[in-house]
Number of protein chains: 2
Amino acid sequence: MAYTATGLENRSDMAANRRVTIRDVAERAGVSVATASRVLSGNYAVPQATRTRVLRAAQALDYVANAHARALVGGGRKMVAVLVRQVTSPFYAHVAEGVEAEAAAHGWLCLVGTTGGEPQRELEFVQLMREEGARLVILVGGVVEDDTYRGRVAQYAQALNASGARLVLCGRPAPGPDIPALVVEFDNEAGARAITGHLLSAGHRRIVFLGGLPGNTALDARVAGYRAALAEHRLPPEAAHVIDSGLGREGGERAMAELLKRRRDFTAVFAGDDMVAAGALRAIADAGLRVPDDISVVGYNDIPLAADFNPPLTTVRTPAEELGREAVRIALRTPQDSPSSRHVLGTHIVVRESVAAPPPERTP
Amino acid sequence: MAYTATGLENRSDMAANRRVTIRDVAERAGVSVATASRVLSGNYAVPQATRTRVLRAAQALDYVANAHARALVGGGRKMVAVLVRQVTSPFYAHVAEGVEAEAAAHGWLCLVGTTGGEPQRELEFVQLMREEGARLVILVGGVVEDDTYRGRVAQYAQALNASGARLVLCGRPAPGPDIPALVVEFDNEAGARAITGHLLSAGHRRIVFLGGLPGNTALDARVAGYRAALAEHRLPPEAAHVIDSGLGREGGERAMAELLKRRRDFTAVFAGDDMVAAGALRAIADAGLRVPDDISVVGYNDIPLAADFNPPLTTVRTPAEELGREAVRIALRTPQDSPSSRHVLGTHIVVRESVAAPPPERTP
DNA sequence: GTGAAAGCGCTAACAA
DNA sequence: TTGTTAGCGCTTTCAC
């Protein structure tokens with residue numbers, strides 16, 4: 001019923017496919033566009049009588065304001081854009097959801113973009129967001145930190161800042177001092193140190209780090225934490241064994257399978273993230289070994305399904321949604337001209353069933 | 001280097017925070033805004049000499065066009081909006097990724113919104129997209145199909161259609177005949193029938209459907225398929241046992257645990273989706289039972305981590321990303337005035353290790 | 001080939 | 001209290 005009224009009425013008293021404008025509303029209400037605008041945008045006192053007349057006309061015409069026209073005259077609109085590698089990765093999805101939720105809570109529009117890991121698309125996205133007039137751009141995820149990166153991101157920051165927008169880097173470093181960018185990240189090193197310590201406390205001495213990604217800031221920090229924990233337990237630097245298989249389930253499975261074929265002189269695996277851990281668990285099971293009886297495994301991120309792995313995975317919880325929320329919160333409360341700052345979010349271990357004491361020494 | 005040039009130059013020769021416009025570019029290039037516009041929007045032949053001069057000026061000023069102004073004069077811009085319940089659900093995330101990918105491939109901008117399951121936010125989102133001038137709105141996910149739903153969605157469809165935009169419904173029914181909306185969905189009934197048949201072929205006769213959601217079109221179709229398969233195998237209607245626990249890991253775990261406490265006269269569980277299956281597996285393990293030796297379990301959707309469950313889950317593969325891609329493809333190739341149509345995507349079973357023959361009959 | 005001018009839909013002075 | 005007017009930044013006739 002509601003729909004037929006609206007739909008047919010539109011169709012009958014206006015040209016085909018012409019969007020109804022504020023002019024139409026004003027005309028129907030018998031007022032000027034200015035008056036119509038005043039009641040429709042609601043930031044000006046208008047007497048009740050005219051008010052209702054305009055509102056009624058707008059409703060009858062099913063009027064919606066043209067956001068572009070508004071943005072054009074009002075100087076941009078409240079929009080935040082998040083860019084992630086892919087939304088199908090649980091970690092990124094949670095960050096995006098956090099951003100979206102916090103943005104929505106403040107009445108901001110949120111746009112999610114994906115790069116698939118290509119710096120080129122990142123550049124295009126930032127450019128696009130400048131065109132769209134996004135007031136806040138959030139770039140998520142670890143990166144290879146080299147001069148190219150620094151130059152590129154510094155450029156984003158300057159450009160965005162020049163038009164009054166703000167750049168927030170999540171889990172990636174600021175490109176340099178005095179660059180107008182905010183940074184929010186987890187203390188990856190501390191998290192890695194803690195979970196490596198957990199493995200060491202259980203008695204493990206030969207622990208492999210699976211899923212390194214040289215140059216990637218997030219992974220490098222985890223590797224650093226891993227090495228630091230080893231050192232704290234007075235193990236020599238050679239005790240560290242990092243396999244650079246990169247992230248992803250597939251990589252983890254392949255690298256683990258290969259490693260098991262070559263050597264088995266390790267009793268625990270620290271996977272770079274939970275997806276790598278999933279792959280590793282699969283490979284270990286396929287090799288006929290049991291977790292944690294034969295090999296202990298830990299992951300990183302505590303994705304929702306980590307509790308459903310076989311066995312349930314002991315991992316480091318990184319509150320991804322909180323990261324997203326915090327990114328927009330910080331950006332919204334930081335004045336435009338304040339110095340760039342860096343915020344670090346804590347993490348903690350979630351103990352489940354993938355860690356046990358190492359098996360008794362096998363005779364070689 | 002690159003960044004200091006840009007940043008400082010902007011800062012020195014223009015008022016603070018004034019976005020550079022086409023006027024600035026024209027001025028610097030020594031041409032009129034009309035000429036600048038012609039080369040910048042690139043849809044008009046301009047001699048090479050002036051062309052380069054304008055381009056050089058634009059680059060020097062780091063000019064980006066104002067998308068709002070463009071949209072205002074050009075009549076909207078290529079933007080597709082997808083609305084899902086939540087991006088952190090693997091299924092929805094894949095649909096969103098499919099939409100995003102296909103949109104990007106066509107040079108369209110993609111905006112992802114989430115409802116958290118609230119119809120109210122759906123309404124707000126559609127309204128917002130009308131304001132933003134989205135030319136394509138995609139609503140994803142099963143719904144309770146009642147008169148309220150039909151009225152609401154019919155209204156969206158009419159309104160969107162009136163301004164030349166298109167509505168695509170993914171996995172939810174059209175609100176009625178002659179409503180301008182496209183529908184793309186999976187054949188849930190066939191998928192459910194097939195996997196129930198798989199269970200029946202393995203010898204199961206007492207199969208519980210866990211995770212019903214009465215009124216929800218997607219789940220109802222699966223339940224229908226489940227009943228149909230039972231009937232095909234000449235089982236009486238009473239053989240069907242549907243537990244309406246709703247979707248989600250938590251619900252699945254709770255319902256399964258409770259069911260196991262009450263009765264154990266079933267040998268297999270058909271979970272409404274993989275997340276429910278994850279919860280069910282957890283509850284079964286906690287009850288000291290084994291899958292598939294004691295109870296067989298199947299899921300629905302084949303999320304990426306289904307292979308990492310304990311045991312790897314036999315489930316129905318629904319190509320979610322393809323659903324998203326297809327939604328935009330269909331919308332882009334369907335002319336505005338063509339009749340509303342419905343497209344059905346096929347699904348298939350993925351056999352893994354969570355199904356076995358039922359255990360030998362226990363004496364009661 | 002290029003410029004001047006009109007106008008997209010809206011808001012915000014400025015008048016009345 | 002309300003209407004008139006001047007743009008926001010851009011594209012696009014229409015002249016020259």
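Quick note on labels: first sequence line is chain A, next is B, and so on, each numbered from 1.
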Original post:
Closer than 4.0 Å, any side-chain N/O of B:R70 to the OP1 or OP2 of D:dT11?
Top reply: yes
Original post:
Cation-pi between B:R38 and B:Y44: NZ/CZ under 6.0 Å from ring centre and within 45° of the ring axis?
Top reply: yes
Original post:
Are A:D62 and B:R130 side-chain neighbours, meaning at least one heavy-atom pair lies under 4.5 Å?
Top reply: yes
Original post:
Between D:dG9 atom C1' and A:E131 atom CD, what is the distance in whole Å?
Top reply: 13 Å
**OP:** May I ask you to decide whether A:R329 forms a salt bridge with A:E102, counting only side-chain N to carboxylate O separations under 4.0 Å?
**Re:** yes
Subject >> B:R166 side chain to B:A157 backbone, donor-acceptor under 3.5 Å >> reply: no
Original post:
Do A:P173 and A:V143 come within less than 4.5 Å of each other through their side chains, counting heavy atoms only?
Top reply: yes
Original post:
Nearest-Å distance, CG (A:N66) to P (C:dG9)?
Top reply: 7 Å
Original post:
In whole angstroms, how far is the P atom of D:dG3 from the CD atom of A:E27?
Top reply: 13 Å
**OP:** Could you tell me the separation between the CD1 atom of B:I22 and the P atom of D:dC10, rounded to a whole number of Å?
**Re:** 5 Å
Original post:
Counting only side-chain N and O atoms of A:Y44, is one of them less than 4.0 Å from OP1 or OP2 of D:dG3?
Top reply: no
**OP:** Could you check how far CD of A:Q48 sits from C1' of D:dT1, rounded to whole Å?
**Re:** 14 Å
Original post:
Whole-Å distance between C:dT11 P and A:R77 CZ?
Top reply: 14 Å
**OP:** For a side chain to side chain donor-acceptor pair (under 3.5 Å) with A:E185, tell me which candidate from A:H343, A:R342, A:R172 qualifies.
**Re:** A:R342
Subject >> Side chains of A:L111 and A:M129 in contact at under 4.5 Å (non-hydrogen atoms) >> reply: yes
Original post:
Once you round it to whole Å, what is the distance between C1' of D:dC10 and CG of B:L40?
Top reply: 10 Å
Got a list of protein N/O to nucleotides 3-8 of chain C N/O distances below 3.5 Å?
| unit_1 | atom_1 | unit_2 | atom_2 | d |
| --- | --- | --- | --- | --- |
| C:dG3 | OP2 | B:S32 | N | 2.9 |
| C:dG3 | OP2 | B:S32 | OG | 3.0 |
| C:dG3 | OP2 | B:T35 | OG1 | 2.7 |
| C:dG3 | N7 | B:R38 | NH2 | 2.6 |
| C:dG3 | O6 | B:R38 | NH1 | 3.2 |
| C:dG3 | O6 | B:R38 | NH2 | 3.2 |

Original post:
What is the nucleic acid contact for B:S37, judged by heavy atoms within less than 4.0 Å: base, sugar-phosphate only, or nothing?
Top reply: base
**OP:** Look at all strands and tell whether A:A65 reaches a base, only sugar-phosphate, or nothing, counting heavy atoms closer than 4.0 Å.
**Re:** sugar-phosphate
